[in-house]
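Everything below concerns the one structure shown next.
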Amino acid sequence: MTYLAKSPWILHYDASSCNGCDIEVLACLTPMYDVERFGILNTGNPKHADIFVITGSINEQNREIVKNLYDQIPRPNVVVAVGICACSGGVFRECYNVSGGIDKVIPVDVYVPGCACRPESIIDGIVTALGILEEKRTKMVLDVDKKEHRHAGLNPDHILSTGGVQ
Amino acid sequence: MSKQITVPFGPQHPVLPEPLHLDLVLEDETVVDVIPSIGYVHRGLEKLVEKREYTEYVFIAERICGICSFIHSQTYVQGIEQIMGLEVPERATYLRTIWGEYSRLHSHLLWLGLFADSMGFESVFMNAWRLREHILDDLEATTGGRVIQGVCKVGGVRKDITPEKLDEMLKGLRGMEHELNDLTNVFLNDSSMKHRLRGVGVLKKEDAYVLGAVGPTARGSGLAIDIRSTGYGALGKINFKPVVEYDGDCYARCAVRAKEMFTSIDIIEQCIKKIPDGPVDMKVTGAPDGEYFSRTEQPRGEVIHYIKGNGKKNLVRHRVRTPTFTNIPPLVTLLKGVDLADVPVVVLSIDPCIGCAER
């Protein structure tokens with residue numbers, strides 16, 4: 001990928017992280033790493049977000065909140081699990097209140113391991129997520145086009161595979 | 001009397017990097033009551049002592065919180081060393097003190113940035129975090145980790161710092177001082193900052209004492225509580241005075257943290273000048289048998305680790321009382337009577353660290 005077609009916005013939620021990964025996610029936004037220059041912004045509103053960055057593992061109390069937030073993010077969206085706790089539970093996997101990684105509740109697209117993750121690996125994860133987001137968007141537009149063709153009585157297989165992105 | 005309504009604040013909220021849930025009871029725009037509920041980050045790591053040996057558990061203790069990570073591991077190993085009666089090499093205690101003060105510097109800079117962000121002061125947030133990167137660079141160069149260092153162990157520390165690097169660190173801090181001055185100048189003297197912070201969220205000295213406030217929250221209300229005065233680590237050989245402010249408002253708490261950064265630099269300088277030569281760790285055999293309350297001063301206040309062993313490799317009990325947990329009752333008190341729009345600033349003024357508080 002050589003350029004970004006859109007400015008992806010990020011929603012960050014701390015599931016049950018120790019803060020280590022959270023402050024590294026924030027460090028990505030600040031002058032040293034500065035992802036804002038690519039148009040990547042941290043938003044507090046799930047309806048504004050494209051990428052769901054989540055740190056820490058799932059426990060009984062935040063299960064519903066993670067699910068709620070995910071359901072509120074408009075499609076297409078990408079979920080990035082940042083830190084080994086979000087991937088599998090990490091050092092806390094045997095704790096009584098930890099159910100495991102984020103993928104126990106919502107589908108995860110990119111796993112970024114590390115304890116704590118370095119900002120470089122978080123940025124790498126986000127860039128990978130952007131590629132997946134683009135694929136999902138293309139597929140979604142294609143699906144919509146096919147549906148419209150079917151409604152118009154045309155053969156949906158006659159649409160070019162590039163989708164409806166102009 | 002106007003009608004009361006309840007507004008939920010959190011757990012996912014733009015100003016909070018961490019999940020804290022408050023039910024704010026409002027009359028018009030004024031907060032009249034606050035009902036906090038916690039537990040979104042609870043992992044239950046204290047029970048892991050039954051599954052991990054006491055030497056391995058240092059890594060878990062360090063991951064109680066990612067901001068005060070080093071001081072958590074230091075507190076835990078100090079407790080173990082006290083039970084086992086270990087005389088840790090002096091150089092190791094100095095190195096622990098240096099790294100502990102570095103953690104305090106990075107935590108306070110992080111907080112100043114978030115605090116400015118909660119007031120909508122984006123450029124100060126960016127500048128504070130830019131300065132923080134210098135501190136993290138030194139931490140990474142000497143320990144190998146940016147936020148989780150993993151350098152403390154029972155009986156000493158894992159890494160030594162060369163004298164050249166120590167000099168370089170000192171020069172770096174001295175070079176940073178004028179930038180830190182510029183930054184704290186904004187917090188202490190800018191008219192709009194003063195307007196936002198003066199007289200907002202006042203915690204009286206008596207309330208702070210009765211409700212058990214610790215750290216900068218207590219020191220901002222005129223209580224000179226600083227566990228560093230007990231002289232743990234190498235702090236007994238260092239001269240310093242706790243920073244105390246008397247107004248008890250958000251401005252006072254902010255001023256305490258801003259001025260404490262210079263105290264930390266001063267402590268690091270004294271440590272670097274006095275650090276003796278010698279080994280940095282010792283061989284440890286056996287297992288702890290007994291109990292101990294280990295106390296240290298974190299960036300957010302006093303932390304207590306209670307450790308109990310029975311002579312086996314696994315501890316019987318580990319209990320942590322973290323500063324944010326004790327600062328929640330004062331928070332509830334000082335939120336009463338503030339405007340709804342001031343709530344983010346007041347909540348951040350106690351420097352909540354939920355990862356610590358809920359463990």
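So that the names make sense, note that chain A is the first sequence line, chain B the second, and so on, each numbered from 1.
By the 4.0 Å N-to-carboxylate-O rule, B:Arg257 lies too far from B:Glu260 to be salt-bridged with it. Taking 4.0 Å as the cut-off between side-chain N and carboxylate O, B:Lys47 and B:Glu50 count as a salt-bridged pair. Between B:Glu297 and B:Arg104 there is no salt bridge, since no side-chain N of the basic residue sits under 4.0 Å from a carboxylate O of the acidic one. A salt bridge links A:Asp143 with A:Lys139: the closest approach of a Lys/Arg side-chain nitrogen to an acidic carboxylate oxygen falls below 4.0 angstrom.
In this structure, chain A has no heavy atom under 4.5 Å from any part of B:Gln149. Of the two parts of A:Ile23, the backbone and the side chain both hold a non-hydrogen atom closer than 4.5 Å to a non-hydrogen atom of chain B. In this structure, the portions of A:Cys115 lying under 4.5 Å from any heavy atom of chain B include both its backbone and its side chain. With a threshold of 4.5 angstrom between heavy atoms, B:His106 approaches chain A through side-chain atoms but not through N, CA, C or O. Using a 4.5 Å cut-off between heavy atoms, B:Leu48 contacts chain A through its side chain alone, with no backbone atom that close. Proximity to chain B is absent for every atom of A:Arg63, based on heavy atoms less than 4.5 angstrom apart. Residue A:Glu60: no heavy atom, backbone or side chain, is found under 4.5 Å from chain B. Looking at A:Glu64, there are no atoms closer than 4.5 Å to chain B (heavy atoms on both sides), in backbone or side chain.
Aromatic ring centres of B:Tyr306 and B:His318: separated by at least 6.0 Å.
Side chains of B:Asp351 and B:Leu114 form no contact here, defined as non-hydrogen atoms less than 4.5 Å apart. For the pair A:Arg75 and A:Met140, the minimum side-chain heavy-atom distance is below 4.5 Å. Residues B:Phe70 and B:Thr143 have side chains not in contact (no heavy-atom distance under 4.5 Å, counting atoms from C-beta outward). Proximity of B:Leu24 to B:Thr6: side-chain heavy atoms (C-beta onward) are nowhere separated by under 4.5 Å.
Heavy-atom pairs under 4.5 Å with chain A peak, among B:Leu136, B:Val147, B:Ile148, at B:Val147.
Taken to the nearest 0.5 Å, the CG atom of B:Leu110 stands 7.5 Å off from the CG atom of A:Leu26.
Heavy-atom neighbours of chain B within the stretch residues 7-22 of chain A, taken at a separation under 4.5 angstrom, comprise A:Leu11, A:His12, A:Tyr13, A:Asp14, A:Ala15, A:Ser16, A:Ser17, A:Cys18, A:Asn19, A:Gly20, A:Asp22.
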